[in-house]
Amino acid sequence: MLPTLVPISALLCGIALLLLGSGLLNTVVSLRGSLEGFSDTTLGLIGSTYFLGFFLGTFVAPKLIRRMGHIRAFAFFGATVAACILLHALVVQPWFWMGLRVLTGMSLVGFYAVIESWLNDQTASERRGQVFAAYMIVNLAALAGAQQLLRVDTPANFTLFAVAAMFVCLSLLPVTMTRFPQPQIATRVRLRLKMTWRAAPAAYVGALSSGLSMGAFWSLTPVYGERVGLDDAGIGMLMTAAIVGGALLQWPMGRFSDAGDRRLALSFAAFGAALAAVAVALFGHVEHVPMAGLFLYGGMAFAVYPIVVAHLIDHLPQDQILAGNTTVLFLHGVGAAVGPGIAGALMGWAGTMALPLHLGLAFVPLGLFALALWRRSADEIVEEAAQFTPMMRTSTTVLEMVSPEDAEAVADSADSTEAIEPDAAAGEEGAAGADGGVQPESAVKVALWPDPAPDPGALLKPPPSPAPTTGTAGSPLAG
């Protein structure tokens, strides 16, 4: 294991430092906004604009990376994020903060794209499973550690903003000094909304539900902790409990998913997350209930998105998997951009308990829908069953980490995607473009960064096995 990780230690160190800074910032922004008297609706909108930026970045970042190259683009994104972090403390005004959150989200997508595509380029296919596991551990450990930095000072002061900016700046050092050759940027893959719905409607609903709930969780849970009387250290522990729950329960949920019908697993995870969150809403005044409830919520909610992607791959031929995964990521991004705004408005109307209610109720439609599909008919898998891979969503690049295609399959997929003309029904579909408008599906593409020969397919995919593997990132890092 160690010989595999040493060559890419600079990249793993870079992402760890980045997540320490960005994870701390996301919590501090919510807490400082609350201290400044921002309304719950405004705090929700600030959270939504971050995920809007994250979503728009999937369109903008590839163009900037092509123009600058990986190293200069990484430095460009780092300077942008560091400046945005410091501006939060210098200009405390909600609309200004919303603009900063859009820029921050867009830049973080570029960060993740550079590091993940580089990891893909530097890792042999037979060792990607090990690197993938290490990447997952680094993500979770950095996000959990970032919450503990709240003990350093109060969000009312400049200190935490400065610490977050310092970590982002430090993340540039190991990456910009590396001697790795820069990976190439190649294929783009189309969104296929109707294809995804027809192939796996449970995955379609699951991606939206996951985005609606997890976007609000990352944006407003610190505010909830403050409103129920926790100090900064307690808020950090509350967030850490959910992250640790997500880390510990993904594997058993994945085994449950692989063992039977994934729609039943989706329903179980959705109802489990809903019950845990509702328990927090009803009994949050009881000591230790919020922490225990969010631990269980995180364990169930963090598992939904990887199960969604595994279920989708069960129902798609290999030449459509990249397009399907891209569409699921798009749907999750839409939900994450809308969720904090809805949750903030509900908190302004119904009070603090509205947040855990939103976190739970967002999963109820998925639970009911997946359960109805499971009871109605047996699940029919197109080729061979996928295998669940625990994953935290970060950028579009992460979708390649677990795609089962080899070099020839990816090339064929790209060629066929570009060559096939959309039918009349598909031509009526719309998707949000980089300018926020609505365009026909045939005009919308999401950039990916496949590895050049000999393996431009999955970034960090596990070693080849009889069954294709899958997973994705989430989020969370979206937070």
Side-chain angles (χ1 to χ4, degrees), residues 15 18-19 21-27 29-30 43-65 73-74 76-78 80-82 84-85 88 97-117 139 142-143 146 164 168 171 191 207-208 210-221 302 305 325-344 391-399 401 431-436 444 446-449 472-479:
I15 195 67
L18 170 64
L19 287 173
S22 64
L24 174 61
L25 173 67
N26 291 336
T27 303
V29 164
S30 298
L43 291 172
L45 289 175
I46 291 173
S48 289
T49 52
Y50 168 74
F51 288 103
L52 174 63
F54 205 90
F55 170 71
L56 294 178
T58 62
F59 296 92
V60 176
K63 297 178 181 178
L64 292 177
I65 296 174
F74 193 84
F76 175 86
F77 295 133
T80 303
V81 172
C84 288
I85 291 174
H88 280 88
W97 276 22
M98 290 179 192
L100 294 177
R101 297 304 281 159
V102 171
L103 289 176
T104 301
M106 294 173 68
S107 298
L108 286 175
V109 168
F111 263 120
Y112 297 133
V114 169
I115 288 182
E116 290 167 9
S117 59
N139 274 262
L143 285 172
V168 172
S171 73
L191 291 170
L208 284 171
S210 178
L212 284 169
S213 185
M214 296 305 294
F217 165 78
W218 289 112
S219 299
L220 294 172
T221 301
F302 279 40
Y305 192 78
N325 280 349
T326 301
T327 303
V328 166
L329 182 64
F330 168 82
L331 294 169
H332 186 280
V334 170
V338 173
I342 295 174
M391 188 62 195
M392 297 187 69
R393 189 187 71 89
T394 54
S395 74
T396 51
T397 309
V398 138
L399 295 177
M401 296 172 71
D435 60 355
V444 178
V446 172
L448 297 173
W449 296 265
T472 186
S475 117
L477 296 183

Worksheet item: Do the side chains of Leu19 and Tyr112 get nearer than 4.5 Å, heavy atoms only?
Response: yes

Discussion item. Do Tyr50 and Leu108 have side chains that approach each other closer than 4.5 Å (heavy atoms only, starting at C-beta)?
Written reply: yes

Discussion item. Working to the nearest 0.5 angstrom, can you tell me the gap between Met98 CE and Ser48 OG?
Written reply: 9.0 Å

Discussion item. Any heavy-atom pair between the side chains of Ile115 and Phe74 that's under 4.5 Å?
Written reply: yes

Worksheet item: Ala343 and Ala216: which non-hydrogen atoms are nearest, and at how many Å?
Response: CB-CB, 3.8 Å

Worksheet item: Does the side chain of Trp218 come within less than 4.5 Å of Leu143's, by heavy atoms?
Response: yes

Discussion item. Can you list everything that forms a side-chain hydrogen bond (donor to acceptor under 3.5 Å, both in side chains) with Ser210? Sequence neighbours excluded, please.
Written reply: His332

Worksheet item: How far apart are the closest heavy atoms of Ser107 and Val81, and which atoms are they?
Response: CB-CG2, 3.4 Å

Worksheet, complete the sentence: Between Ile46 and Thr49 the two heavy atoms that sit nearest each other are O-OG1, 2.7 Å

Worksheet item: Between Ile65 and Ala113, which heavy-atom pair has the shortest distance, and what is it?
Response: CD1-CB, 4.0 Å

Discussion item. To the closest 0.5 Å, what do you measure between OG1 (Thr80) and CD1 (Ile85)?
Written reply: 11.0 Å

Response to the item:
Residues at least two apart in sequence or cross-chain that pass side-chain hydrogen bond (donor to acceptor under 3.5 Å, both in side chains) with Ser30, listed by chain then number, are none

Discussion item. So, using ring pair (Phe, Tyr, Trp, His ring centres under 6.0 Å) as the criterion, who are the partners of Phe77 when residues are at least two apart?
Written reply: none

Item to complete: Kindly write out the residues that satisfy side-chain hydrogen bond (donor to acceptor under 3.5 Å, both in side chains) with Ser213, not counting sequence neighbours, or none if the list is empty.
Response: Tyr297

Worksheet entry | Nearest non-hydrogen partners of Val168 and Gly78, listed with the distance | CG1-O, 3.8 Å

Worksheet entry | Val334: partners by side chain to side chain contact (heavy atoms under 4.5 Å, CB included), with sequence neighbours left out | Phe330

Worksheet item: Roughly how far, to the nearest 0.5 Å, is CG of Leu45 from CH2 of Trp97?
Response: 14.0 Å

Item to complete: Under the side chain to side chain contact (heavy atoms under 4.5 Å, CB included) rule, collect the residues that match up with Leu208, sequence neighbours excluded.
Response: Tyr204, Leu331

Worksheet item: Nearest heavy-atom pair of Gly215 and Pro340: which atoms, and what distance?
Response: O-CG, 3.4 Å

Worksheet entry | Ser22 side chain near Phe111 side chain, heavy-atom distance below 4.5 Å | no

